[in-house]
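Everything on this sheet refers to the single structure shown next.
Convention: sequence-line order gives letters A, B, ...; per-chain numbering from 1.
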Amino acid sequence: MIESKNFLRTIVEEDLKSGKYKEIVTRFPPEPNGFPHIGHAKSIFINFGIADDYGGHCHLRMDDTNPTKEDTKYVEALKDAVKWLGYEWDGSVRFTSDYFPKLYDYAIELIKMGRAYVDSLTEDEISEYRGSVTEHGRRSRYADRSVEENLDLFMRMKKGEFAEGEHVLRAKIDMSAPNMKMRDPLLYRIRDTDHFRTGDEWSIYPMYDFAHCLSDYIEEVTHSICTLEFENNRDIYNWVLDTLSLKSPRPYQYEFARLNINYAVMSKRKLLELIEGGYVSGWDDPRLPTIAGYRRKGYTPESILTFCDQIGIAKANSVVDVSQLEFCIRDDLNKKVPRVLCVLNPLKVTIENYEGSEEIDAPYYPHDVPKEGSRKLSFSREIYIEREDFEENPPKGYYRLTLEQPVRLRHGYIIACKEVIKDANGNITELKAEYYPDSKSGCDTSGIKVKSAIQWVSAADAKVIEVRVYDRLFVAEFPEGVEDVNPNSLKVIKNALIEPAVVIQKPDVRFQFEREGYFYADPVDYSDEKPIFNKIVGLKDSWDKKKKKTTDKRAKPQERKVQIDGEVAPMTSEQQTLFDKYTTELKLNSEVANTLARDAYLSEFYEKALSLLKSPVNLANMIVNEVLREIKERHSTKLRFTPGQIAELVKMLDEEKISSKIAKQLFEEMAKSGENPVKIVKEKGLIQISDPAQIAPIIDEVIAKNPHNVAKFKAGNRKLLGFFVGQTLKATGGRANPKIVNDLVVKKLQ
RNA sequence: UGGGGUAUCGCCAAGCGGUAAGGCCUCGGUUUUUGGUACCGAUAUUCGGGGGUUCGAAUCCCUCUACCCCAUCCA
C-alpha cells in the first residue's frame, strides 16, 4: 500500500526497535452516536494502516460509555464504513461496555488507595469549585470521606440507590492543577437511562477519561492515537494507568490534527443540524462529507484512502482543499470506468441529408486506458446534442458547433449547422444540419478539420434518465452553520438522454459521461424503469476556466502584514546590574548578557565557570546556547556536568584544539555521560585537523566526485559552499577545521 | 489571563546544523476524435517577526506575534 512516513510511524518504529513492545496494537475507538465522516476515515486509515504495515492488529471498539447518546444503528454504520474502506478489525467488534465490570473493579481499587472519592456536590457547585483557567479550584467538602464511606456510597451508586446527579466518583488529584482536566476529574456518574447493550444492568457509567485508557490497557493496545483536542486529557490517561500501577507494557497516547475540508462541516452537531433541519436527505446524502454520503455519491474506497495518504498526518490544525479529494476520485475513476455518451440538456438536431440508420461501433475506453470493451451506437437522422455545444454568436476560442464551424459527433460523422430554428421568444428549439458522408470516425477521408468532438444521442433510441447534479453544500469556504448552506447544491435533471447500452447492457455502475464528468447509478433509488445517476465529480474544465477568467478580472490587493512586537518584561535592578557588568566589563553581546542576567541559576553557573577560565565570551555563548537547553530538558538542576567541565571544554575551543562543531558534539556526549571532555577527546581522537596540506587532498576528492555541483557553484550557486564543506567534514569524521575547509574550498573553486 | 499545542508556497506537507522533497491548485507547452487523460516545463534566494550562537541556521538559544485546545455529570 501507498505509504509515507509521519511522526506516528516514526514513534511506532522506534518502539518496535527498542523492544518496548513486541507487537503493535492500535484501535479505532468511535463513539456510536453518529455516522462516520471523512475525518473518521483518516483515523481509520491511520490506525488500521499502521497495524497492517507493522504486522500488528487494530481493534474496532465502540466507546459506548454514554447511554443517553448512543445507538446500535450507529454501530452498524461504523462497521460498514470500516469494511467498505477495506479493513478488517482484529477479532470481534469490541465495546467499552464489555469492560464495565472490570472498570468498576479498577474504580474500587482507586477508592481503596485513597485516590478516588464520592463527591456529593451539585453539578453547579462542581463547576464552580473547578475554578477557571486563571484561578485555582477548591476541593469539595466531601473529598475527605473515609475509604469505607466511599466504598459504601459507590457500591450503592452502582445498585441504583441514588438519583442522577446525587453523587459522582472523582479522582483525587489536584484542584489547583494548571491543567484543568486534572482538577479532580469525574470518573463515574449516575445515569437512569437504559444502555443500548447493557440495558438496565448499570446505573453508573464511567467517563471517557477513566474508561478509555483502561480499555486500551485491557485490550493491550500499544499506541492510542487520537485527535489534538485530547492533548490535555493525556495527563489523566497517564495518571490513571500509573496510579493503578498496572503491569507493563502499557499504552501511550499520541495526538494528531483532525481533518477539515473547506466548504464542508465535520462536527456531529452540525451534521445533525443539517439532517434534522431537512437541508439534506439523511446521513447518506451525497452532499455530506460522511462516508455513507461519499459512498452514495459514487466515491470509491480507494480514492478516499489515497486522499488520506496524500494529506499526511501532522499536529498543525489545517483545512484541506476539496480539490485534493476531487483529484483523487477523478484519478481513480479515469483508469477504471467506461466512457459513454449522455446529453444533459438536449437540443434537437435534424441531419437533413441523412436517410435511414446505421450502427457505429464505439469502444468504452479511450486509447490511453488499457481496458477492452465496446458497444454499438445507433445513428440516424434525428439526434440530440448538448445545448451548450452550439453557439450562434460564439465567444473567441469556442471550439464547438457554430454556423461557420463544423464539429465531429463523437465516434461518428462531422456535421455542419445549416439553420437555426427558434420559437416565438427567440429560444433555439432545433438545428438543421448536414453531415459529411466520407467523414465517419475511423475512415475519415473528408479532410475536414474540426476543433472538437461532442457527445450526442440518437433520438430514436436514447433513454431518459434522471441525473442528480451535486454542488458544494456550502457557499462559505469555512461554513459556520445552516446559514451558509448553498441553496443550489442539488440540481435534478429529469430528462437527460443517454445511449441505451448504459441502462440495458449495464457494463458498470460508474461511468464517465464524456466531456461531463463521472456518474454513479444511485444505489437506492435506481430502477430499470427509472434510472437515476448521481454526479460524482466533474471533469476538469479548462474551457470553463478560460471563460471565467476573461469575465472576472481578479486583482488581489496584497498588503504586507506588519507584525507588532510586544513588550518585554523589565529587568529587576539586580538583573540590570548583572547585565551592565556583562556587557561593559566582560564585553558580552547584549542578547547573551540579557539571557544570562535574567536567569539566576544560569548566571551563577557562568560565574563559576568564569572563575576557572578567563574566557568570558566563549563561556557565555556555550552556556546560553547549549547549557540552557540541557537545563530545560532536565528540569534544571540534574545536570550531569559541572561548570568546571564546561570551562575545560571551552578551553580546548579557545586553544583551537577542537572545532566548534566538535565542541557541540562533545557537549552532547558530556551531557549524556557526565564524562570529562578532555578524556572524550583523547579517547575518540577528536583533535581538530587544521593543516591545509592534510585537508586539501580530501577537498580535491570531493570536488572530483561532484562535477555537476562544481559547475553549479561556478555558475553562481553560492549555497553549494555548504555542500562542499559538509562533504569534506563528513570525510574527516568532523575533525577538519571548518574555517580552513571553507577558505580552501572557496580558493579551489574560484 | 494559567496550562497544553501549532506556525515551511494559494491548500496540504517533508525536513532534526551542510544544495528548501512531494502532492493538490495555478500558469505555459506537447500529444489527443473527451477543452478529459498522459507527458514536459514554470512557480519559496527563503521557513510567523526580530535578535543571538556558528565557517554555515527552517533546524540550536533568547524574545515577540498569531492561531487552536482546556473551566460538559460529552467523547
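Side chain R234(A) to base G4(B): no donor-acceptor pair is found below 3.5 Å. At a cut-off of 3.5 angstrom, the base of U54(B) holds no donor-acceptor pair with the side chain of S660(A). Residue K661(A) places a side-chain atom within donor-acceptor reach of the base of G18(B), judged by atom type and a 3.5 Å distance cut-off alone.
To the nearest whole angstrom, the two C1' atoms, one in G18(B) and one in C11(B), are 30 Å apart.
Ranking C55(B), U6(B), C69(B) by closeness to the A316(A) side chain, first place goes to U6(B).
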Between side-chain atoms of residues 229-238 of chain A and protein atoms elsewhere (two or more places apart, or another chain), which donor-acceptor pairs fall under 3.5 Å?
| residue | atom | partner | partner atom | Å |
| --- | --- | --- | --- | --- |
| E229(A) | OE1 | T227(A) | OG1 | 3.1 |
| E229(A) | OE2 | T227(A) | OG1 | 3.1 |
| E229(A) | OE2 | R258(A) | NH1 | 2.7 |
| E231(A) | OE2 | K315(A) | NZ | 3.3 |
| R234(A) | NH1 | E255(A) | OE1 | 2.8 |
| R234(A) | NH1 | E255(A) | OE2 | 2.8 |
| D235(A) | OD2 | N179(A) | ND2 | 3.0 |
| Y237(A) | OH | D216(A) | OD2 | 2.7 |
| Y237(A) | OH | S224(A) | OG | 3.4 |
| N238(A) | OD1 | R250(A) | NH1 | 3.1 |
| N238(A) | OD1 | R250(A) | NH2 | 3.3 |
| N238(A) | ND2 | R234(A) | O | 3.4 |

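By the 5.5 angstrom centroid cut-off and the 30-degree plane limit, W543(A) is classified as stacked against the base of G35(B). The aromatic ring of F327(A) is not stacked on the base of G23(B), since the criterion of ring centres less than 5.5 Å apart with planes inclined by under 30° is not met.
Counting any heavy atom pair closer than 4.0 Å across all strands shown, N742(A) reaches a base atom. Counting any heavy atom pair closer than 4.0 Å across all strands shown, N233(A) reaches a base atom. Among the atoms of the strands shown, none is found under 4.0 Å from any heavy atom of V741(A).
Separating the NZ atom of K719(A) from the C1' atom of A58(B) is a distance of 13 Å, rounded to the nearest angstrom.
Base pairing of C67(B): its partner is G5(B), meeting the Watson-Crick or G-U wobble criterion (both donor-acceptor distances under 3.5 Å).
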